[in-house]
Asks: 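Submitted below is the structure of interest, expressed as structure tokens.
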Protein chains: 2
Amino acid sequence: MGEIEEVLKKHHIRPTAIRLLMYKYLRDRNVAATLNDIESGFDKSDRTTLYRTIKTFEKKGLVHQINDGTGIAKYALDDKTTGTTALQDLHLHFHCIKCNETVCLTDHKIPHISLPKGYLSKDMNLLVKGVCDKCNLK
Amino acid sequence: MGEIEEVLKKHHIRPTAIRLLMYKYLRDRNVAATLNDIESGFDKSDRTTLYRTIKTFEKKGLVHQINDGTGIAKYALDDKTTGTTALQDLHLHFHCIKCNETVCLTDHKIPHISLPKGYLSKDMNLLVKGVCDKCNLK
DNA sequence: GAAAAACATGCAACTTAAGTGCAAATCTAT
DNA sequence: ATAGATTTGCACTTAAGTTGCATGTTTTTC
Ligand SMILES: [Mn+2]
Ligand SMILES: [Mn+2]
Ligand SMILES: [Zn+2]
Ligand SMILES: [Zn+2]
């Protein structure tokens, strides 16, 4: 029961009711969620609170934002199997142009990229657009 | 004089005054432009017209949209040094977190990426965030 | 070359995601 | 218990993107 509570506390997030619910929501979902998705997942709560909650999660390193080219921000829980959040940790994101869903391919890392002289890399995002396995079967 | 006209015609775009100006604007710029950038570059013209012009350019394969994570669409001319617009052609984009500018690194291609079984790739976007050469010197 | 059709432009209005201000509610620490 | 800090909910704002429609311009047809 207190398992999620522990996770939040470890990230210095006070475990309020909504935060516990949102964490569960994100954990039980296997695709990235927009704020609208999250809002639809809760009957009761207010959009602003959900917005600030996801931003708190993001700031505290619990979720990461994904930009899949649709212009609408999506969010997914960080992969906590790797203890360290190094730059090597950067995985690729896949956006399906049929079902519009976006997933983290956490074990597909971004290969090393060489940059022109003078350029310094701090972060990377590799987005692949195409058709996902589910949509491919149909 | 008719050089730009020829380029537009080749892409089945009628060479109106605004279109010629926007093409020139984009060509003489070495960083990707937002619609606001373009708007600021012209004293006279209307935002909607500029919007539809850039969308026409995009549809006809003259420019490509770049999503650099700022949430604001940017545009840059396609690289016409390579005659073919194949999937191999995909280059990487660099967004400087200091000056907020985004550039096409057209000769830095995206390396081959393997996907899980069933996934089909149609397009890719590799975005690197960091500090550009100009900002690095300061 | 005039008329019709097709396309481009400008203005206003709409849509929607994102973000802010502020007061009420809740939680934490003294 | 009280004071201080944080969280929540509601109203409102912002800004990019987009569409409808009337007018202007170019191209095609006859
Ligand atoms: Mn991810
Ligand atoms: Mn580019
Ligand atoms: Zn799909
Ligand atoms: Zn810079």
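Chain letters run A, B, ... following the sequence lines, proteins first and then strands; every chain starts at 1.
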Asks: Return the set of residues passing side-chain contact (heavy atoms from CB on, under 4.5 Å) with L20(B) (not counting sequence neighbours), or none when no residue passes.
Replies: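 Here the qualifying residues are I4(B), E5(B), L8(B), P15(B).
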Asks: Please, which pairs that meet salt bridge (Lys or Arg N to Asp or Glu O under 4.0 Å) have at least one residue in residues 110-119 of chain B, sequence neighbours excluded?
Replies: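 Listed once each, the pairs would be none.
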Asks: Below 4.0 angstrom, which residues in residues 28-43 of chain A have at least one non-hydrogen atom near DNA chain D?
Replies: none
Asks: Per the ring-ring contact (aromatic ring centres under 6.0 Å, His included) rule, what does the pair list look like for residues 108-138 of chain A, sequence neighbours excluded?
Replies: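 Checked against ring-ring contact (aromatic ring centres under 6.0 Å, His included) - neighbours excluded - the pairs reaching residues 108-138 of chain A are Y119(A)-F94(B).
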Asks: Go through the structure and list residues passing side-chain contact (heavy atoms from CB on, under 4.5 Å) with D107(B), not counting sequence neighbours.
Replies: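 For D107(B), no residue satisfies side-chain contact (heavy atoms from CB on, under 4.5 Å) once neighbours in sequence are set aside.
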Asks: Hey, where on DNA chain D does chain B first and last touch, going 5' to 3'? Cut-off is any atom under 4.0 Å from a heavy atom.
Replies: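 Range of nucleotides within reach of chain B: dA16(D) to dT27(D).
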Asks: Could I get the full list of side-chain hydrogen bond (donor to acceptor under 3.5 Å, both in side chains) partners for D133(A), not counting sequence neighbours?
Replies: none
Asks: Answer with base, sugar-phosphate or nothing: what part of the nucleic acid does T56(B) contact at a heavy-atom distance below 4.0 Å?
Replies: nothing
Asks: Among all residues two or more places apart in sequence or in another chain, which pass the side-chain hydrogen bond (donor to acceptor under 3.5 Å, both in side chains) test with N136(A)?
Replies: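 For N136(A) there are no side-chain hydrogen bond (donor to acceptor under 3.5 Å, both in side chains) partners, ignoring immediate neighbours.
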Asks: I'd like to check the salt bridge (Lys or Arg N to Asp or Glu O under 4.0 Å) partners of R29(B); sequence neighbours left out, ordered by chain and number.
Replies: D37(B)
Asks: Give every residue pair that meets the salt bridge (Lys or Arg N to Asp or Glu O under 4.0 Å) criterion with at least one member in residues 50-64 of chain B, sequence neighbours excluded.
Replies: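 Found K55(B)-E58(B).
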Asks: How long is the gap from CD1 on I110(A) to CG on L126(A), to the nearest 0.5 Å?
Replies: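 One gets 5.0 Å once the value is rounded to the nearest 0.5 Å.
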Asks: Quick one, give me the B/S/- string for nucleotides 19-30 of chain C, reading 5' to 3', where B means a protein heavy atom under 4.0 Å from the base and S means that only happens at the primed atoms, P, OP1 or OP2.
Replies: SBBB-----S--
Asks: Could you name each residue pair satisfying ring-ring contact (aromatic ring centres under 6.0 Å, His included) that touches residues 30-75 of chain B, not counting sequence neighbours?
Replies: Y25(B)-F42(B), H64(B)-H91(B), H64(B)-H93(B)
